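The structure appears below as structure tokens.
By convention in this document, chain letters (A, B, ...) are assigned in the order of the sequence lines, proteins followed by strands, and residues within each chain are numbered from 1. Keep in mind the model is a prediction, meaning the values are calculated, not measured.
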There are 2 protein chains.
Amino acid sequence: MPYSSEHKQKSRERILQSAYRLFSTKGFDAVTVDAVMQDCSLTRGAFYGHFTSKSELYKEALTFAASNSKLAEIKPEGLSPREWLSVLLDGYLSVEHVSGERPCPLAFLATDVVSRDKETNKTYARVYRRMNQLILDYAGRDSVRDEQAILSLTSMIIGAVAVSRTLEDKQLVQQILSSCRQQTRLLLGGI
Amino acid sequence: MPYSSEHKQKSRERILQSAYRLFSTKGFDAVTVDAVMQDCSLTRGAFYGHFTSKSELYKEALTFAASNSKLAEIKPEGLSPREWLSVLLDGYLSVEHVSGERPCPLAFLATDVVSRDKETNKTYARVYRRMNQLILDYAGRDSVRDEQAILSLTSMIIGAVAVSRTLEDKQLVQQILSSCRQQTRLLLGGI
DNA sequence: ATTTAAATATGATCTTTATCATATATAGAT
DNA sequence: ATCTATATATGATAAAGATCATATTTAAAT
């Protein structure tokens with residue numbers, strides 16, 4: 001067997017990483033297979049050894065991003081779930097997140113996802129539900145009532161990030177994020 | 001002069017109408033010039049008599065949608081600004097809006113807009129600011145504090161509509177919208 | 001009725017890009 | 001060292017779609 005056994009796996013991850021970064025910045029169509037492969041220093045030929053099509057790549061990149069997002073990555077350390085949730089929300093509602101290279105896929109692919117295939121849609125929905133569940137868990141409640149309240153919270157933070165991403169005015173972005181940080185506290189206070 | 005004087009103007013509006021409907025449903029790239037023209041029973045040749053390019057069409061459609069949106073269209077009648085705002089928000093956060101053919105461009109083009117040209121970006125930002133201002137006016141306040149609070153409100157409703165659009169699960173969509181309707185009330189209560 | 005400029009339609013062209021077919025490089029196993 | 005399956009690269013194909021060049025239709029003005 002040629003190449004070390006992890007080689008292909010590593011390539012695959014590099015492709016996914018590049019793909020997500022590019023997709024989330026430019027959207028599906030504006031990103032070519034060539035561009036993705038060049039971004040991770042491979043060539044288009046190799047691509048089809050990893051994925052059967054660009055569409056499949058998109059789905060995989062979405063899933064990949066979800067499991068490697070900031071939200072999923074950082075782990076609580078000596079913090080109560082509530083405190084941890086606080087940290088999490090502030091991170092989500094930060095300039096770094098908004099203008100970073102690995103933004104939340106929920107915020108960045110929303111429009112794009114509508115038009116794509118059922119599979120992609122389902123993936124998106126799965127990621128969305130997971131996010132709500134995660135926050136609900138941290139908030140430490142699970143009544144139907146609280147579950148409902150969380151939905152408006154996630155709408156807010158996803159909306160904030162999505163809109164902020166489009167705006168050039170950095171000051172305005174700061175204001176949006178700051179406003180949402182405050183609001184999330186008020187909202188969680190009622191839960 | 002051939003054709004009635006309003007003819008071209010009417011064609012132009014038909015094109016914009018079709019364009020917006022299609023763009024907001026499928027995104028920029030998934031919509032071809034041909035498709036837009038067929039949608040309004042014209043042919044691609046005629047297109048370039050109205051717009052210089054597909055990109056220009058996109059910008060114009062965005063502006064067009066903003067000035068013809070539900071939000072801008074309906075006028076208060078015997079209602080106080082506050083009551084009116086209530087009606088407005090409920091309309092925005094309704095299934096009809098989410099699954100309708102003329103959804104808010106802020107929610108539906110967010111991802112798409114990032115990658116497009118500066119002009120489009122500016123148009124989007126203008127529409128966004130106008131929306132915030134409008135709500136602030138109806139809310140009847142204009143302190144910096146309130147202005148900030150509104151930003152989280154609009155984030156929430158835009159996010160809710162954008163996400164809802166992607167979800168197949170109608171019940172979940174209902175819950176999201178309902179949750180946000182409640183939250184907007186709480187939020188406005190504090191203003 | 002004719003004329004005519006504006007509006008629309010039709011048939012290329014030309015570029016972009018996904019995907020495929022084929023060739024080459026890689027490094028474990030012998 | 002050589003062999004070989006796997007991974008990657010290169011060049012080709014083909015389809016889609018934006019834009020253009022040219023033809024045709026329209027209805028106001030004479």
When rounded to whole Å, the NZ to P distance for the pair A/Lys10 and D/dT6 reads 20 Å
(message) Any carboxylate oxygen within less than 4.0 angstrom of a Lys/Arg side-chain nitrogen, looking at A/Asp137 and A/Arg130?
(response) no
When rounded to whole Å, the CD to C1' distance for the pair A/Gln38 and D/dT10 reads 13 Å
B/His50 atom NE2 is separated from D/dT19 atom C1', nearest whole Å, by 16 Å
Here the distance between atom C1' of C/dA6 and atom CZ of B/Arg12, to the nearest Å, is 16 Å
Looking only at D/dA7, D/dA9, C/dA9, the nucleotide nearest the B/Ala46 side chain is C/dA9
On a heavy-atom basis, the closest approach of B/Glu101 and B/Ser24 is O-OG, 4.4 Å
Next on the checklist: Looking at A/Lys122 and B/Glu168, is there a salt bridge between them, counting it only when a charged N and a carboxylate O are closer than 4.0 Å?
Outcome noted: no
Testing C/dA7, D/dT8, C/dA9 for proximity to the side chain of B/Leu42, the answer is C/dA9
Per-residue pairing states of DNA chain D in dot-bracket (Watson-Crick or G-U under 3.5 Å; . unpaired, | other strand) read ||||||||||||||||||||||||||||||
- Any side-chain N or O of A/Ser11 less than 4.0 Å from the OP1 or OP2 oxygen of D/dT8? yes
Side chain to side chain contact (heavy atoms under 4.5 Å, CB included) for A/Arg102 and A/Tyr20? Distances and angles first, verdict last.
CA-CA 8 Å; A/Arg102 220 163 28 128; A/Tyr20 180 62; 4.1 Å; yes
Taken to the nearest whole Å, CE/B/Met37 to P/D/dT19 is 13 Å
Quick note, side-chain hydrogen bond (donor to acceptor under 3.5 Å, both in side chains) partners involving residues 181-191 of chain A, not counting sequence neighbours, are A/Ser86-A/Arg185, A/Asp90-A/Arg185
With B for base contact, S for sugar-phosphate-only contact and - for none (protein heavy atoms under 4.0 Å), nucleotides 14-20 of chain C reads ---SSB-
- Query: When you look at B/Phe28 and B/Phe23, which way does the ring-ring contact (aromatic ring centres under 6.0 Å, His included) test go after all the steps?
  - Reply: CA-CA 6 Å; B/Phe28 184 81; B/Phe23 280 144; 5.8 Å; yes
Atom CD of B/Gln9 and atom P of C/dA7 are separated, to the nearest Å, by 11 Å
Taken to the nearest whole Å, CD1/A/Ile15 to P/D/dA7 is 12 Å
Ring pair (Phe, Tyr, Trp, His ring centres under 6.0 Å) filter on A/Tyr128, not counting sequence neighbours, yields none
Side chains of residues 154-162 of chain A: which donor-acceptor pairs under 3.5 Å do they make with residues two or more places apart or in other chains?
residue  : atom : partner  : partner atom : Å
A/Thr154 : OG1  : A/Asn132 : OD1          : 2.8
A/Thr154 : OG1  : A/Ile150 : O            : 3.2
A/Thr154 : OG1  : A/Leu151 : O            : 3.1
A/Ser155 : OG   : A/Leu151 : O            : 2.9

So the salt bridge (Lys or Arg N to Asp or Glu O under 4.0 Å) pairs with at least one residue in residues 34-51 of chain A (sequence neighbours excluded) are A/Arg21-A/Asp39, A/Asp34-A/Arg44
To the nearest angstrom, the CD-C1' distance between B/Glu6 and C/dA7 comes to 14 Å
